[in-house]
Engineer: 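Right, I'll just put the structure down here and ask away after.
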Amino acid sequence: MNIYNELVLKVLEEGTYRHEPRTDTDILSLFGVFLEIDMSDGFPLLTSKKMAFNTMAVELEWFINGRSDLKYLLERNCNIWTGDAFRAYGSSYAKYLGVPIENFTIEMFRNGVLYDDEYFDDGCDLGPIYGTQWRGSYAGITSIRNAPPDQLYEVVESLKKDPFARRHIVMAWNPVANKDMVLPPCHMGFQLYMREVNGQMYLDLLWMQRSADIALGIPFNIGSYALLLELIAKEVGALGGFLKASIGDAHIYASHVENLKKQVTLDLYPLPKVDISQTSLWDFDASKVKLIDYKSHDRVTFKLYN
């Protein structure tokens, strides 16, 4: 997928080094970039490295269901939120177990979330994040003044009733609730746009992202929003059109630079296709999504900075 390689090269060439305080590491950062992907070219899953498609689909299932419990993800072998949860709650659980924090491991924490129902009676809640904002489903959120409704449902109904409106928007960024999230949203929201070409309806999706890890996050975000676009398009009787992204802080961690430089030199394989005929938006089941003809290079290892 050339558009991704072009993004990597742009940040490498035009970005400036700065120290990122939250992770206490150096990054190469560029502010304000834009992506545009034509879904007719195939499903935009990177082929320059092997992508964890099932992990991505499970997280999207979690979002669509309006959930915020880590246990749901771990039961489906999706570990992308474990580090953030460990950072937020690991020391408290270690104290509860009577284990010195220096001896407490992320695997011990993971097992606790999975099997200690007495301590983690809420499945290790991560706060009113992403899907709970999309669906207005977080416990107690209705007590917050101007709390979000079920935005995802409302935007789909709006697309059906008034397809050419300019208000098809879903927001995850909530200034009232951000402080209660284990991590405020990186991808803050998305807008949908319907258009008609020769009698055929096409649905475009633009997502907004305040902070983007180019090596790990953006390939994942591209695949996730592409799958969401296909699901919503199917629900409203359209075809997936263009997938676009507006990114604020596009950054490459210093330790990722060399492997990214190698990755963008690899020959690209044709994009795969995705089959969602056995599932749909409102009963989305990640296990029923089929990825067809996906060929890629091997996995590339990058350190995850939580």
Side-chain angles (χ1 to χ4, degrees), residues 55-90 92-93 109-110 113-114 117 119-159 167-192 205-212 217 220-221 223-229 231-232 235 279-286 306:
T55 297
M56 180 205 75
V58 166
E59 186 198 38
L60 182 60
E61 177 184 297
W62 188 61
F63 289 162
I64 291 171
N65 286 336
R67 302 189 69 113
S68 59
D69 55 318
L70 181 65
K71 186 174 182 178
Y72 185 91
L73 297 177
L74 296 183
E75 288 175 337
R76 291 156 179 80
N77 199 32
C78 178
N79 285 284
I80 55 178
W81 281 90
T82 310
D84 290 302
F86 180 72
R87 188 187 70 250
Y89 306 123
S92 297
Y93 189 52
F109 174 77
R110 183 180 185 276
V113 175
L114 280 169
D117 292 333
Y119 185 83
F120 291 109
D121 58 349
D122 58 4
C124 190
D125 179 65
L126 304 185
I129 59 175
Y130 291 112
T132 66
Q133 297 297 318
W134 290 8
R135 306 305 307 272
S137 57
Y138 192 69
I141 201 169
T142 53
S143 66
I144 300 173
R145 186 179 180 185
N146 296 326
D150 187 340
Q151 298 183 82
L152 187 59
Y153 175 80
E154 289 192 357
V155 83
V156 169
E157 291 303 298
S158 179
L159 282 165
R167 301 178 183 180
H168 303 313
I169 296 170
V170 173
M171 293 301 297
W173 187 264
N174 184 337
V176 174
N178 285 348
K179 65 182 183 302
D180 298 317
M181 304 177 192
V182 72
L183 183 70
C186 293
H187 43 104
M188 304 182 297
F190 59 93
Q191 182 173 357
L192 296 156
L205 185 152
L206 165 69
W207 89 85
M208 293 72 75
Q209 187 145 347
R210 65 172 178 85
S211 175
F220 206 87
N221 299 137
S224 181
Y225 274 107
L227 186 53
L228 179 63
L229 172 55
L231 288 165
I232 297 176
E235 182 67 23
T279 190
S280 63
L281 180 65
W282 301 129
D283 63 352
F284 181 56
D285 184 341
N306 290 114

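Hydrogens, waters and symmetry mates play no part in the numbers below; they use all other heavy atoms, side chains included.
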Engineer: Looking at Trp173, is its backbone amide N or carbonyl O close enough to the side chain of Arg210 to form a donor-acceptor pair, meaning the two atoms are under 3.5 Å apart?
Structural biologist: no
Engineer: Locate the shortest heavy-atom distance separating Met188 from Pro185; write the atom from each residue and the value.
Structural biologist: CG-O, 4.0 Å
Engineer: Identify the two heavy atoms, one from Glu235 and one from Val156, that lie closest to each other, and give their separation to 0.1 Å.
Structural biologist: CG-CG1, 3.7 Å
Engineer: Considering all heavy atoms of both residues, which atom of Asn65 and which atom of Arg135 are nearest to each other, and what is their separation?
Structural biologist: C-CG, 4.5 Å
Engineer: Taking the side chain as everything from C-beta on, heavy atoms only, tell me whether Tyr89 gets closer than 4.5 Å to Leu126.
Structural biologist: yes
Engineer: Quick one: are Trp207 and Leu228 in side-chain contact, heavy atoms under 4.5 Å?
Structural biologist: no
Engineer: Is it the case that Asp283 and Ser280 place a side-chain donor and acceptor less than 3.5 Å from each other?
Structural biologist: yes
Engineer: Are Trp81 and Tyr72 an aromatic pair, judged by ring center distance below 6.0 Å?
Structural biologist: no
Engineer: Locate the shortest heavy-atom distance separating Ala57 from Leu227; write the atom from each residue and the value.
Structural biologist: CB-CD2, 4.1 Å
Engineer: Is any side-chain heavy atom of Phe63 closer than 4.5 Å to one of Phe284?
Structural biologist: no
Engineer: To the nearest 0.5 Å, what is the distance between CZ (Arg67) and CG (Asp125)?
Structural biologist: 10.5 Å
Engineer: Can you name the nearest heavy-atom pair linking Phe220 to Met56, along with the distance?
Structural biologist: CZ-CA, 3.2 Å
Engineer: Taking the side chain from Gln133 and the backbone from Pro128, do they hold a donor-acceptor pair closer than 3.5 Å?
Structural biologist: yes
Engineer: More than 12 foreign heavy atoms under 6.0 Å from OH of Tyr119: is that the case here?
Structural biologist: yes
Engineer: I'd like to know if the side chain of Glu59 reaches the main chain of Cys78, judged simply by a donor and an acceptor atom lying under 3.5 Å from each other, with no hydrogens or angles considered.
Structural biologist: no
Engineer: Could you go step by step and tell me if Trp62 and Ile129 meet the side chain to side chain contact (heavy atoms under 4.5 Å, CB included) rule?
Structural biologist: CA-CA 11 Å; Trp62 188 61; Ile129 59 175; 3.4 Å; yes
Engineer: Charged N to carboxylate O below 4.0 Å: is that the case for Lys71 and Asp69?
Structural biologist: no
Engineer: Between Thr82 and Leu73, is there a side-chain heavy-atom distance shorter than 4.5 Å?
Structural biologist: no
Engineer: Using only atom types and a distance under 3.5 Å, with no angle test, would you say the side chain of Asp121 pairs donor to acceptor with the backbone of Asp117?
Structural biologist: no
Engineer: Apply side chain to side chain contact (heavy atoms under 4.5 Å, CB included) to residues Leu70 and Val182 and explain how you reach the verdict.
Structural biologist: CA-CA 11 Å; Leu70 181 65; Val182 72; over 6 Å; no
Engineer: Please report the shortest heavy-atom distance between Arg76 and Val58, naming the atom on each side.
Structural biologist: CB-CG1, 3.8 Å
Engineer: Evaluate the side chain to side chain contact (heavy atoms under 4.5 Å, CB included) criterion for residues Tyr130 and Met181: first the C-alpha distance (whole Å), next the side-chain angles of each, then the deciding distance (0.1 Å), finally the verdict.
Structural biologist: CA-CA 9 Å; Tyr130 291 112; Met181 304 177 192; over 6 Å; no
Engineer: Is the backbone of Gly66 close enough, under 3.5 Å, to the side chain of Ser137 for a donor and an acceptor to pair up by distance?
Structural biologist: yes
Engineer: Report the distance from atom CH2 of Trp282 to atom CD1 of Ile64, rounding to the nearest 0.5 Å.
Structural biologist: 8.0 Å
Engineer: Thr55 and Asn77: side chain to side chain contact (heavy atoms under 4.5 Å, CB included), yes or no, with the steps?
Structural biologist: CA-CA 7 Å; Thr55 297; Asn77 199 32; over 6 Å; no
Engineer: Partners of Phe120 by ring-ring contact (aromatic ring centres under 6.0 Å, His included), sequence neighbours excluded?
Structural biologist: Tyr93, Phe109
Engineer: Go through the structure and list residues passing side-chain contact (heavy atoms from CB on, under 4.5 Å) with Asp285, not counting sequence neighbours.
Structural biologist: Glu61, Thr279, Ser287, Lys288
Engineer: Look up atom CD in Glu157 and atom CG in Leu152, then write down how far apart they are to the nearest 0.5 Å.
Structural biologist: 10.5 Å
